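Working notes, beginning with the structure itself.
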Amino acid sequence: VQLQASGGGLVQAGGSLRLACTASGRTFSGYSMGWFRQRPGKEREFVAGMRWSGSTRNHASSVKGRFSISRDTAKNTLFLQMNDLKPDDTAVYFCAASQFSLIHSALPSEESYHYWGQGTLVTVSS
């Protein structure tokens, strides 16, 4: 499975972006998907995750209420809608896929994921 993240760019604080993640090689049915980010000088961290079925979603507290993970099953595409962006959201954003239907508490763990995309850069200016 090869994941491709897109949609990053430069945006002013308070603005919005929507990231997308597509896959070549198979559909996401039965999988769990996640978004992670790596801010400058920091470790990679969990942003949001969900079962592809839509039954379980988890958002990091730092983005809850501003970011929302979703998917379009017909297009086999994962999204991250990011609203009210802040300069501290500047990071490379990665999508990831797990072969398992993860429970809520497992979604934030990098070790739960088997496949990773290359990342897309989001820069938020003040």
Side-chain angles (χ1 to χ4, degrees):
V1 176
Q2 292 186 337
L3 303 177
Q4 180 75 39
S6 62
L10 174 64
V11 63
Q12 288 188 330
S16 298
L17 281 175
R18 188 174 77 160
L19 305 184
C21 178
T22 57
S24 61
R26 66 153 295 145
T27 67
F28 292 136
S29 179
Y31 277 42
S32 296
M33 306 296 295
W35 287 101
F36 291 77
R37 69 184 181 186
Q38 188 164 18
R39 293 184 280 182
K42 298 190 177 181
E43 298 288 317
R44 189 161 59 186
E45 62 182 353
F46 171 74
V47 175
M50 66 179 294
R51 290 180 176 174
W52 190 251
S53 66
S55 60
T56 300
R57 300 172 201 248
N58 190 336
H59 293 80
S61 57
S62 60
V63 306
K64 198 169 292 184
R66 300 189 298 122
F67 292 11
S68 179
I69 189 171
S70 65
R71 87 283 190 251
D72 184 326
T73 56
K75 296 181 179 179
N76 202 45
T77 301
L78 179 75
F79 297 105
L80 183 69
Q81 178 66 44
M82 305 186 295
N83 299 326
D84 190 23
L85 282 160
K86 305 178 187 303
D88 199 42
D89 294 318
T90 294
V92 177
Y93 284 74
F94 300 88
C95 61
S98 169
Q99 295 174 330
F100 304 124
S101 186
L102 299 172
I103 61 174
H104 187 270
S105 60
L107 286 166
S109 173
E110 291 192 29
E111 289 72 27
S112 297
Y113 296 88
H114 304 94
Y115 307 102
W116 292 82
Q118 86 292 351
T120 185
L121 177 63
V122 172
T123 304
V124 184
S125 64
S126 57

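Values below: every heavy atom of this structure, side chains too, minus hydrogens, waters and symmetry copies. In this text, all values refer to a predicted model and were calculated from it rather than measured experimentally. Quick note: residue numbers are just sequence positions, from 1.
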Just wondering, do [Y] and [X] contact through their side chains at under 4.5 Å, heavy atoms?
| X | Y | value |
| --- | --- | --- |
| Met50 | Leu78 | yes |
| Gln12 | Leu85 | no |
| Met82 | Val63 | no |

Donor-acceptor contact present, side-chain [X] to main-chain [Y], <3.5 Å:
| X | Y | answer |
| --- | --- | --- |
| Ser126 | Pro87 | no |
| Asn58 | His104 | yes |
| Arg66 | Asp84 | yes |
| Ser98 | Ser32 | no |
| Thr123 | Thr90 | no |
| Gln118 | Gln4 | no |

Over all atoms of both residues, closest heavy-atom pair of [X] and [Y]:
| X | Y | result |
| --- | --- | --- |
| Leu10 | Ser125 | CD1-CB, 4.3 Å |
| Met33 | Ala97 | SD-CB, 3.6 Å |
| Ala5 | Cys95 | CB-SG, 4.1 Å |
| Arg57 | Ile69 | NH1-O, 2.8 Å |
| Cys21 | Leu3 | SG-CB, 4.1 Å |
| Leu80 | Ala48 | CD1-CB, 4.2 Å |

Shared hydrophobic cluster, Leu107 / Tyr115 (ILVMFWY, side-chain heavy atoms < 4.5 Å):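 Not linked; separate clusters.
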Transitive ILVMFWY side-chain link Phe79 to Phe94, under 4.5 Å: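 Not linked; separate clusters.
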Qualifying ring-ring contact (aromatic ring centres under 6.0 Å, His included) pairs, either residue in residues 17-69, two or more places apart: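 Checked against ring-ring contact (aromatic ring centres under 6.0 Å, His included) - neighbours excluded - the pairs reaching residues 17-69 are Phe28-Trp52, Phe36-Phe46, Phe36-Tyr113, Phe36-Trp116.
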Pair Ser29-Thr27, side-chain donor/acceptor within less than 3.5 Å: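 Absent: no donor and acceptor within the cut-off.
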Atom pair CZ/NZ of Arg37 and Lys42 - distance to nearest 0.5 Å: 8.5 Å
Glu45 atom CD: more than 12 heavy-atom contacts under 6.0 Å: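 Buried by this count: over 12 neighbours within 6.0 Å.
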CZ/Arg39: more than 12 non-hydrogen atoms of other groups inside 6.0 Å: yes
